[in-house]
Amino acid sequence: MTILPEKFLTDEPDGLPTRSSQEYVLYKLNALKFYITVTNTAMRNKWKERYYIDLQAGPGKNSIGDKVLLGSPLLALTANHPATHFWFNEYNATNARALEQRVNASNLNDHVDISQADANQIVQQIAQEIRRRDRENREASLNIAFLDPEGLELHWETIEHLAKVTKMDLIINFSTGGIVRSIGRGNTQAVDQFFGTSDWREIYRPEDKAELIQTI
């Protein structure tokens, strides 16, 4: 497929990889776009620095059937009154390269850090950098972190690192499907890491599995 740089920041095919998604992703992306729009509009003149963090950013675009949509990182980057700095992380090398190409088409590309790492490892570095900038600016930044695991890849410690940053809003896609799959496979350790405790075992009932499946 021909690469079309002029379409890198639009809801159109551009020749680069996309994240194949289901229809329910429309609701998630629309909800994120609404939240970003409201926050940017309300806070643009109240905060010197506003940061956006996306730890599992993907390639930057989602495909649903024949439709191509801007994914979470590009929704933030192309929003009105955008953040002053962005941290995008994507573990998959192919997706990370596609994201970087798309980001480079933006006039805000100098305000974006892109990394290719495990989200649970890069998060501490990002949190430390935000705190360093806050000390340098002598005031806290306003932060939005979007966490969108496909399963239970995120560990509770990752949430803790972000939550310890001053003025941090966390938007987390809670994967009930990931919990069901992990328990079904006997991988209870993954569930422990996700919740940060094994206490869930005291209240979990086998019949809950069927109830969870119905919500997916």
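As a basis for the values below, the full set of heavy atoms in this structure was taken, side chains included, without hydrogen atoms, waters or symmetry mates.
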Asker: Nearest 0.5 Å, what's the NZ-CZ distance between K46 and R44?
Answerer: 10.0 Å
Asker: Near Q125 CD, under 6.0 Å, is it more than 12 heavy atoms from other residues, nucleotides or ligands?
Answerer: no
Asker: Under a single-linkage definition using a 4.5 Å side-chain heavy-atom cutoff for Ile, Leu, Val, Met, Phe, Trp and Tyr, are M43 and M168 assigned to the same hydrophobic cluster?
Answerer: no
Asker: Of the non-hydrogen atoms in P82 and A76, which two are nearest, and what is the gap between them?
Answerer: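 Closest approach of P82 to A76: CB-O, 4.0 Å.
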Asker: Do the non-hydrogen side-chain atoms of N109 and N107 ever get within less than 4.5 Å of each other?
Answerer: no
Asker: For residues K33 and I36, determine if any side-chain heavy atom of one lies less than 4.5 Å from a side-chain heavy atom of the other.
Answerer: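 No, side chains not in contact.
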Asker: For residues L154 and Q56, determine if any side-chain heavy atom of one lies less than 4.5 Å from a side-chain heavy atom of the other.
Answerer: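 Yes - at least one pair of side-chain heavy atoms lies under 4.5 Å apart.
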Asker: Tell me, yes or no, whether the heavy-atom count around E150 atom CD, taken from other residues, nucleotides or ligands under 6.0 Å, exceeds 12.
Answerer: no
Asker: I'd like to know if the side chain of Q116 reaches the main chain of A96, judged simply by a donor and an acceptor atom lying under 3.5 Å from each other, with no hydrogens or angles considered.
Answerer: no
Asker: State, yes or no, whether a side-chain contact exists between F8 and I3 at a heavy-atom distance under 4.5 Å.
Answerer: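 Result yes, sub-4.5 Å side-chain heavy-atom pair found.
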Asker: For the pair F195 and I179, evaluate side-chain contact (heavy atoms from CB on, under 4.5 Å) and give the outcome as yes or no after the intermediate values.
Answerer: CA-CA 10 Å; F195 285 124; I179 296 173; 3.8 Å; yes
Asker: Taking atom OG of S115 and atom CD1 of I126, what is their separation to the nearest 0.5 Å?
Answerer: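 One finds 5.0 Å between OG of S115 and CD1 of I126.
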Asker: In Å and rounded to the nearest 0.5 Å, what is the OG to CZ distance from S141 to R50?
Answerer: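 Going from the OG atom of S141 to the CZ atom of R50 covers 11.0 Å.
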Asker: Do NZ/NE/NH1/NH2 and the carboxylate oxygens of E136 and R132 come within less than 4.0 Å?
Answerer: yes
Asker: Please step through salt bridge (charged side-chain N to carboxylate O under 4.0 Å, His left out) for the pair E160 and K164, ending with a clear verdict.
Answerer: CA-CA 6 Å; E160 289 181 325; K164 289 177 182 177; 5.4 Å; no
Asker: Please check if atom NZ in K167 has more than 12 non-hydrogen atoms from other residues, nucleotides or ligands closer than 6.0 Å.
Answerer: no
Asker: Under a 3.5 Å distance rule, please check whether T41 uses its side chain to pair with a backbone N or O of T37 as donor and acceptor.
Answerer: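 It does hold such a pair.
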Asker: Can the ring centroids of F88 and F146 be said to lie less than 6.0 angstrom from one another?
Answerer: no
Asker: Are any side-chain N or O atoms of S182 and backbone N or O atoms of A190, one a donor and one an acceptor, separated by less than 3.5 Å?
Answerer: no
Asker: Check the pair Y204, I183 against side-chain contact (heavy atoms from CB on, under 4.5 Å), reporting the backbone distance first and the verdict last.
Answerer: CA-CA 10 Å; Y204 174 76; I183 293 177; 3.6 Å; yes
Asker: Look only at the side chain of N80 and the backbone of N40, and say whether a donor-acceptor pair between them is shorter than 3.5 Å.
Answerer: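 Checked: no pair found.
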Asker: Check whether any side-chain heavy atom of F194 lies under 4.5 Å from a side-chain heavy atom of W200, and answer yes or no.
Answerer: no
Asker: Within the distance-only criterion (no hydrogens, no angle test), does the side chain of R135 pair as donor or acceptor with the backbone N or O of I130 below 3.5 angstrom?
Answerer: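 Not a single qualifying donor-acceptor pair exists.
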Asker: Hey, is the main chain of V123 close enough, under 3.5 Å, to the side chain of H161 for a donor-acceptor pair?
Answerer: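 Checked: no pair found.
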Asker: Report yes if some heavy atom in the side chain of V25 is under 4.5 Å from a heavy atom in the side chain of K28; otherwise report no.
Answerer: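 Heavy-atom side-chain distance check passes, below 4.5 Å.
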Asker: Any link between L147 and I171 through a network of hydrophobic side chains (Ile, Leu, Val, Met, Phe, Trp, Tyr) touching at under 4.5 Å?
Answerer: no
Asker: Give a yes or no on whether the backbone of H155 and the side-chain of N120 come within a donor-acceptor separation of less than 3.5 Å.
Answerer: yes
Asker: Keeping the roles fixed (side chain from Q22, backbone from Y24), state whether a donor-acceptor pair exists under 3.5 Å.
Answerer: no
Asker: Would a 4.5 Å heavy-atom cut-off, applied to side chains only, mark E139 and D134 as touching?
Answerer: no
Asker: Any Lys/Arg nitrogen of E12 or K67 sitting under 4.0 Å from an Asp/Glu carboxylate oxygen of the other?
Answerer: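 Between K67 and E12 there is no salt bridge, as every charged N stays at least 4.0 Å from the carboxylate O atoms.
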Asker: According to a 4.5 Å side-chain heavy-atom criterion applied to Ile, Leu, Val, Met, Phe, Trp and Tyr, with indirect links allowed, do V165 and I122 form part of one hydrophobic cluster?
Answerer: yes
Asker: Please tell me whether L70 and Y52 are part of a single hydrophobic cluster in this structure, the criterion being side-chain heavy atoms less than 4.5 Å apart.
Answerer: yes
Asker: Checking E90 side chain against N95 main chain: does a donor-acceptor pair fall under 3.5 Å?
Answerer: no
Asker: Please say which of T18, D14, D11 ends up in a side chain to side chain donor-acceptor pair (under 3.5 Å) with K61.
Answerer: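 Output: one option passes, namely D14.
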Asker: Do you know the tightest heavy-atom contact between A98 and P17?
Answerer: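 That closest heavy-atom pairing would be CB-CD, 3.7 Å.
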Asker: Between Y35 and I144, is any pair of side-chain heavy atoms under 4.5 Å apart?
Answerer: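 Yes, at least one pair of side-chain atoms sits under 4.5 Å.
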Asker: Taking atom types as modelled, is there a side-chain donor on W156 or D192 under 3.5 Å from an acceptor on the other?
Answerer: no
Asker: Answer with yes or no whether the hydrophobic clustering places L9 together with V68; edges join I, L, V, M, F, W, Y residues whose side-chain heavy atoms lie under 4.5 Å apart.
Answerer: no
Asker: Quick one: which of L170, D169, I53, T166 gives a side chain to side chain contact (heavy atoms under 4.5 Å, CB included) with N143?
Answerer: I53
Asker: Would you kindly say whether H85 and D113 are connected by a side-chain donor-acceptor distance under 3.5 Å?
Answerer: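 Their side chains do contain a donor-acceptor pair, which is all the 3.5 Å distance test asks for.
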Asker: From E23 CD over to L26 CG, what is the distance, rounded to the nearest 0.5 angstrom?
Answerer: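 It is 5.0 Å, given to the nearest 0.5 Å.
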Asker: Rounded to the nearest 0.5 Å, what separates atom CG in L99 from atom OG1 in T94?
Answerer: 12.5 Å
Asker: Kindly indicate, with the supporting measurements, whether the criterion side-chain contact (heavy atoms from CB on, under 4.5 Å) is fulfilled by T78 and T10.
Answerer: CA-CA 9 Å; T78 60; T10 66; over 6 Å; no
Asker: I need the N45 CG to W47 CH2 distance, nearest 0.5 Å.
Answerer: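 Answer rounded to 0.5 Å: 13.5 Å.
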Asker: Do the two ring centres, one from W87 and one from Y51, sit under 6.0 Å apart?
Answerer: yes
Asker: Would you confirm whether N89, through its side chain, and L55, through its main-chain N or O, come within 3.5 Å as a donor-acceptor pair?
Answerer: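 Side chain of N89 to backbone of L55: a pair is present.
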Asker: Check this for me: Y91, atom OH, are more than 12 non-hydrogen atoms of other residues, nucleotides or ligands nearer than 6.0 Å?
Answerer: no
